[in-house]
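Along the sequence shown, the residues carry numbers beginning at 1. Note that these values count all heavy atoms, side chains included, but never hydrogens, waters or copies made by symmetry.
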Amino acid sequence: MKDDLEPQQPDGQSNASFVKEDVIVSKGQTVVAGKNNDIAVGRYTVLTTIDGVNSFNVRINGFVREVEHNTVIILGEGDSVTPVSHSIILR
């Protein structure tokens, strides 16, 4: 089987499928919602990039909380998101 078809790469990163509007946020990277910021204000589904991981830590507006794969969050003007445990996808 080809490497690009494996569900997980040797370094632990997932070979997830993405859609055009997905925002991939690396561990430790902060994105801010708003007109002149990184992402648009709105509703996002938080997805994990690691197979088999169902819950993970994300800092939202300065507070770390555990979220589950497929959790919906609403981001307003100036809200920030930072993955703590590993990279995430905002869809």
Shortest non-hydrogen separation from S87 to S26 and the atoms involved: OG-CA, 3.4 Å
Spacing of D38 atom CG and L75 atom CG [to the nearest 0.5 Å]: 11.0 Å
Shortest non-hydrogen contact from A33 toward A40: CB-O, 4.0 Å
Linked, directly or transitively: I39 and V32 (ILVMFWY side chains, under 4.5 Å): no
Minimum heavy-atom distance P83-Q29, with the two atoms named: CD-O, 3.3 Å
Atom pair CG (D22) and OH (Y44), whose distance is rounded to the nearest 0.5 Å: 10.5 Å
Listing, residues 61-72 side-chain donor-acceptor contacts under 3.5 Å, not counting sequence neighbours, or none:
residue : atom : partner : partner atom : Å
N61     : OD1  : S80     : N            : 2.8
N61     : ND2  : D79     : OD1          : 3.2
H69     : ND1  : T48     : N            : 3.0
T71     : OG1  : E68     : N            : 3.1
T71     : OG1  : E68     : O            : 2.5

Distance (rounded to the nearest 0.5 Å) between I88 CD1 and T82 OG1: 8.5 Å
ILVMFWY cluster, I50 and V84 together (side-chain gap under 4.5 Å): no
Hydrophobic cluster identity match, V58 and V41, side-chain contacts under 4.5 Å: no
